[in-house]
Engineer: 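Got a structure here, written out as structure tokens. Questions coming.
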Amino acid sequence: MRAVNEINFRIFEFGNTPTGIFDFSYSGEKADEQSTPESMIYILITGKWGGNHDAPNLTDTIILAWIHPEHKTITLFSLPRDLYVEYPWSTRKWKINQIYETFLPLGADIAIERLKIKVSEITGKQIDFYINVDFKGFIEIVDTLWWVEVSLEENFVDYQYPDNNLWYKTFILRKGTWTLDGEVALMYARSRHSTSDFDRSLRQQEIISSLREKISTLWYFKDRKKLLNLYNIFTEYIETDMSFSDMLNLWLTIKSWDSSQTLSFNLNDSCYDGSPTCSSGGFLYVPLREYFWGASVLLPNDASSKNLSNYDVIHTYADIIYDNTDVYTNPKNIIIFNATRTPLLAGNLADILRPYGLSIDREIGTKTMSEKKFEKSILYYNGIDENDSTLQVIKKIMTIDMEKTEVPLYSPTWTHIEIVLADEDSF
């Protein structure tokens, strides 16, 4: 970001609520007239250790944020740092979190551009802006805003959090709602031994969402000194191709949105064969370490060390989470029935659909209906129309005839969608 010479600002208020900040100038230039974005934008958010850390330029946080002004939603999609990839314009293959560091000798702009290329390749989305945050800057931003709030449904414990003296300390947060300062917020976001790397990515998204909601109030920005301090932190610790005017425009768009309008997703390895806890985004697996020099890495389900670039399924998932948000904000109940004499078909289809985040009743959906005669597989839907997002998602994943009914035919009254499989080649 460009250094600021002077900031002139006015705050317009209705009652006690500020509604806008205008007349910013930097480096002698006056910011463009404020307007809010009318189209969707994608922002790559990365976080690196910086400072004296032994790996200061590893981007251990990689999130593709999508802002949709019409739907008034923010979608956050995390890629795991251990995803094994081919590096853009290079013969090198290694973890995605090292792309930025690898190309940094060519310049920060080139390094972040290579990372953007890879994230776009994986997700199928073109990135409009990037924000690369130094974790020390993250601490100072939270402290400048006084605190960030998080809510825990159960106790959070890490017995091996690094103490920066080549040893470990215990980090505990009890169940409940907490207000965290910058250092503790970073510990919560970066803890590795409390849960999994995948849970950690969702904690990072939780912090981002909480900060966004806190900044949206902006009542403390009546303090000119605090506003200048925050801007100086941005200029020192954050690399971005967004102008200050871009940031203000974005803030004016999202400032009134609440936390329910921020959706969180990640890629994970939860959907292995027979997994009882398959969750949304479970399109990855952990290959044998012997093929990767003993390192623990992640690959897409259909990939191998020699075939890394097939991201079609992830593209479909990205299309769903970005373009069909109603699937998650207003989920529809799905039950799958097996009307053949071939066992496990309903469960197999459920395992295909569940990683996309669809709401499938496992207990009922594995029942067999072989005593009934169906000429072909069919999907029955009720209480929703043919343009419903969940139906559109199912069409992207499988080919099946659909028919509307007044009520569920074979299921409890709360069921919206019934899928009946009539032959082995249904999906």
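FYI, the numbering just counts along the sequence from 1.
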Engineer: Kindly say whether the aromatic ring centers of F265 and Y328 come within a distance under 6.0 Å.
Structural biologist: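 Yes: the rings meet the under 6.0 Å criterion.
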
Engineer: Between the side chains of K95 and D60, is the shortest nitrogen-to-carboxylate-oxygen separation below 4.0 Å, so that they form an ion pair?
Structural biologist: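 Result for this pair is no, no salt bridge flagged.
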
Engineer: Just by distance, no angles: are the side chains of S279 and S270 close enough, under 3.5 Å, to form a donor-acceptor pair?
Structural biologist: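 There is such a pair (donor and acceptor under 3.5 Å, judged by atom type) between the side chains of S279 and S270.
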
Engineer: State whether the number of non-hydrogen atoms from other residues, nucleotides or ligands found under 6.0 Å of K93 atom NZ is greater than 12.
Structural biologist: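 It does: K93 NZ has more than 12 such atoms within range.
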
Engineer: Do V133 and K48 have side chains that get closer than 4.5 Å, going by heavy atoms?
Structural biologist: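 Sidechains of K48 and V133: no contact.
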
Engineer: Only counting residues at least two apart or in another chain, list the ones meeting ring pair (Phe, Tyr, Trp, His ring centres under 6.0 Å) with Y356.
Structural biologist: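 Y356: ring pair (Phe, Tyr, Trp, His ring centres under 6.0 Å) contacts with F283.
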
Engineer: Tell me if a side-chain donor or acceptor on W293 pairs with a main-chain N or O of R289 at a distance below 3.5 Å.
Structural biologist: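 Answer holds: no.
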
Engineer: Does the separation of the ring centres of Y42 and Y322 fall below 6.0 angstrom?
Structural biologist: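 Yes: the rings meet the under 6.0 Å criterion.
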
Engineer: Any chance you could measure I352, atom CD1, to I397, atom CD1, to the nearest 0.5 Å?
Structural biologist: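 With rounding to 0.5 Å, CD1 (I352) is 9.0 Å from CD1 (I397).
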
Engineer: When you check the side-chain N and O atoms of N266 and N268, is any donor under 3.5 Å from an acceptor?
Structural biologist: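 Present: a donor and an acceptor within the cut-off.
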
Engineer: Going from CD1 on I67 to OG1 on T262, what distance comes out if it is rounded to the nearest 0.5 angstrom?
Structural biologist: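 Taking CD1 in I67 and OG1 in T262, the distance rounds to 8.0 Å.
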
Engineer: Using the salt bridge (charged side-chain N to carboxylate O under 4.0 Å, His left out) rule, collect all pairs that involve residues 310-322, keeping only residues at least two apart or in two chains.
Structural biologist: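 Applying salt bridge (charged side-chain N to carboxylate O under 4.0 Å, His left out) to every pair that reaches into residues 310-322, excluding sequence neighbours, yields K125-D319.
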
Engineer: What's the shortest heavy-atom distance between L152 and F156, and which atoms?
Structural biologist: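 Shortest heavy-atom contact: CD2-CB, 3.3 Å.
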
Engineer: N324: which residues meet the side-chain hydrogen bond (donor to acceptor under 3.5 Å, both in side chains) condition with it, sequence neighbours left out?
Structural biologist: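 Partners of N324 by the side-chain hydrogen bond (donor to acceptor under 3.5 Å, both in side chains) criterion, ordered by chain and then number, come out as K396.
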
Engineer: Checking side-chain contact (heavy atoms from CB on, under 4.5 Å) for the pair T179/V148: CA distance, chi angles, key distance, verdict?
Structural biologist: CA-CA 5 Å; T179 54; V148 63; over 6 Å; no

Engineer: Heavy atoms, side chains only, cut-off 4.5 Å: are L263 and T329 in contact?
Structural biologist: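 Contact flag for L263/T329 side chains = yes.
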
Engineer: Would you mind reporting whether N155 and I172 have side-chain heavy atoms less than 4.5 Å apart?
Structural biologist: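 No, side chains not in contact.
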
Engineer: Provide the closest heavy-atom pair for D326 versus S389 in the form atom of the first, atom of the second, distance.
Structural biologist: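 Smallest interatomic distance, heavy atoms only, reads CB-OG, 3.5 Å.
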
Engineer: Counting only heavy atoms not in Q126 (residues, nucleotides, ligands), do more than 12 fall under 6.0 Å from its CD?
Structural biologist: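 Not buried by this count: 12 neighbours or fewer within 6.0 Å.
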
Engineer: Check the pair F77 / L79 against side-chain contact (heavy atoms from CB on, under 4.5 Å), numbers first and verdict last.
Structural biologist: CA-CA 7 Å; F77 184 26; L79 305 185; 4.3 Å; yes

Engineer: Hey, mind stepping through K116 and E113 against salt bridge (charged side-chain N to carboxylate O under 4.0 Å, His left out) and telling me if it holds?
Structural biologist: CA-CA 5 Å; K116 286 170 60 179; E113 187 62 31; 3.5 Å; yes

Engineer: Taking only residues two or more places apart in sequence, or in another chain, which ones meet D181 in a side-chain hydrogen bond (donor to acceptor under 3.5 Å, both in side chains)?
Structural biologist: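 So D181 forms no side-chain hydrogen bond (donor to acceptor under 3.5 Å, both in side chains) with any residue.
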
Engineer: Is any side-chain heavy atom of I254 less than 4.5 Å from a side-chain heavy atom of I74?
Structural biologist: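 I254 reaches I74 side chain to side chain.
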
Engineer: Which pair of non-hydrogen atoms, one from S411 and one from E418, has the smallest distance, and what is that distance?
Structural biologist: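 For S411 and E418, the tightest heavy-atom pair comes out as OG-OE2, 2.6 Å.
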
Engineer: Does any part of the side chain of I99, heavy atoms only, come nearer than 4.5 Å to the side chain of P88, both counted from C-beta?
Structural biologist: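 They are in contact (side-chain heavy atoms under 4.5 Å apart), so the answer is yes.
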
Engineer: Determine whether the aromatic ring centres of residues Y188 and F171 are separated by less than 6.0 angstrom.
Structural biologist: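 They do not qualify: ring centres at least 6.0 Å apart.
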
Engineer: Under 30°, 30 to 60°, or over 60°: which ring-plane class applies to W66 and H68, parallel, tilted or perpendicular?
Structural biologist: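 Perpendicular: the ring planes of W66 and H68 meet at over 60°.
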
Engineer: Taking atom types as modelled, find out whether T123 and Y317 have a side-chain donor-acceptor pair closer than 3.5 angstrom.
Structural biologist: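 T123 vs Y317: no donor-acceptor pair found between side chains.
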
Engineer: Does any part of the side chain of I384, heavy atoms only, come nearer than 4.5 Å to the side chain of Y381, both counted from C-beta?
Structural biologist: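 Sidechains of I384 and Y381: in contact.
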
Engineer: For Q98 and R92, does a side-chain donor sit closer than 3.5 Å to a side-chain acceptor?
Structural biologist: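 Indeed, the side chains of Q98 and R92 share at least one donor-acceptor pair under 3.5 Å.
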
Engineer: If we ignore hydrogens and angles and just use 3.5 Å, is the side chain of Y311 paired with the main-chain N or O of L308 as donor and acceptor?
Structural biologist: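 Yes: the side chain of Y311 pairs with the backbone of L308.
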
Engineer: If I compare all heavy atoms of M247 with all of M242, which pair ends up nearest, and what's the gap?
Structural biologist: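 For M247 versus M242, the nearest heavy atoms are CE-O, 3.9 Å.
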
Engineer: Please report the C-alpha distance between F138 and I141 in whole Å, then the side-chain angles of each, then the deciding distance to 0.1 Å, and finally whether the side-chain contact (heavy atoms from CB on, under 4.5 Å) criterion is met.
Structural biologist: CA-CA 5 Å; F138 168 84; I141 288 172; 5.8 Å; no

Engineer: How far apart are the closest heavy atoms of N301 and G282, and which atoms are they?
Structural biologist: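 Closest pair (atom of N301, atom of G282, distance): ND2-O, 3.7 Å.
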
Engineer: State the CD1-CG distance between I122 and L267, to the nearest 0.5 angstrom.
Structural biologist: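 Between atom CD1 of I122 and atom CG of L267 there are 8.0 Å.
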
Engineer: Is it the case that atom NZ in K395 sees more than 12 heavy atoms from other parts of the structure closer than 6.0 Å?
Structural biologist: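 More than 12 within 6.0 Å, yes.
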
Engineer: Answer yes or no: is there a side-chain heavy-atom contact under 4.5 Å between K404 and N382?
Structural biologist: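 When only atoms from C-beta onward are counted, N382 and K404 do not touch, as no gap falls below 4.5 Å.
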
Engineer: Are F103 and Y87 close enough that some pair of their side-chain heavy atoms sits under 4.5 Å apart?
Structural biologist: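 F103 reaches Y87 side chain to side chain.
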
Engineer: For F292, which residues count as a ring pair (Phe, Tyr, Trp, His ring centres under 6.0 Å) partner, sequence neighbours excluded?
Structural biologist: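 In terms of ring pair (Phe, Tyr, Trp, His ring centres under 6.0 Å), with neighbours along the sequence ignored, F292 is linked to Y84.
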
Engineer: State which residues pass side-chain hydrogen bond (donor to acceptor under 3.5 Å, both in side chains) with E121; sequence neighbours excluded, sorted by chain then number.
Structural biologist: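 Only K118 meet the side-chain hydrogen bond (donor to acceptor under 3.5 Å, both in side chains) criterion with E121.
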
Engineer: Which value, rounded to the nearest 0.5 Å, describes the distance between I334 atom CD1 and L379 atom CG?
Structural biologist: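 Here the rounded value is 8.0 Å.
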
Engineer: Do T46 and T61 have a side chain donor and acceptor closer than 3.5 Å?
Structural biologist: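 No - no donor-acceptor pair under 3.5 Å links their side chains.
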
Engineer: Does atom NZ (K332) have a neighbourhood of more than 12 heavy atoms from anything else shown, all under 6.0 Å?
Structural biologist: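 Yes - once you tally the heavy atoms of other residues, nucleotides and ligands closer than 6.0 Å, there are more than 12.
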
Engineer: Please check: side-chain N/O of T415 versus main-chain N/O of I417, any donor-acceptor pairing under 3.5 Å?
Structural biologist: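 Absent.
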
Engineer: So, D128 side chain and I43 main chain: donor-acceptor pair closer than 3.5 Å or not?
Structural biologist: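 Between the backbone of I43 and the side chain of D128 there is no qualifying donor-acceptor contact (under 3.5 Å).
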
Engineer: Rounded to the nearest 0.5 Å, what separates atom OG1 in T75 from atom CE in M40?
Structural biologist: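 With rounding to 0.5 Å, OG1 (T75) is 11.0 Å from CE (M40).
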
Engineer: Please identify which of these residues, L180, I207, I139, meets the side-chain contact (heavy atoms from CB on, under 4.5 Å) condition with L186.
Structural biologist: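 Output: one option passes, namely I139.
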
Engineer: Looking at every non-hydrogen atom in both residues, tell me the closest pair between E403 and I378 and how far apart they are.
Structural biologist: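 So the minimum-distance heavy-atom pair works out to OE1-CD1, 3.5 Å.
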
Engineer: Distance only, no hydrogens: is a donor on one side chain within 3.5 Å (strictly under) of an acceptor on the other, for D246 and S243?
Structural biologist: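 Present: a donor and an acceptor within the cut-off.
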
Engineer: Nearest 0.5 angstrom please: L284 CG to Y272 OH, how far?
Structural biologist: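 L284 CG to Y272 OH: 14.5 Å, rounded to 0.5 Å.
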
Engineer: What do the steps show when you test Y380 against V407 for side-chain contact (heavy atoms from CB on, under 4.5 Å), and what is the final call?
Structural biologist: CA-CA 9 Å; Y380 297 109; V407 296; over 6 Å; no

Engineer: Say whether, by atom type as modelled, one donor and one acceptor occur between the side chain of E101 and the main chain of T59 under 3.5 angstrom.
Structural biologist: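 No; zero donor-acceptor contacts below 3.5 Å.
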
Engineer: Short question: side chain of Y237, backbone of E140 - any donor-acceptor pair under 3.5 Å?
Structural biologist: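 No: the side chain of Y237 does not pair with the backbone of E140.
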
Engineer: So with a 6.0 Å cut-off around CD of E86, is the heavy-atom count from everything else above 12?
Structural biologist: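 Correct, the count exceeds 12.
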
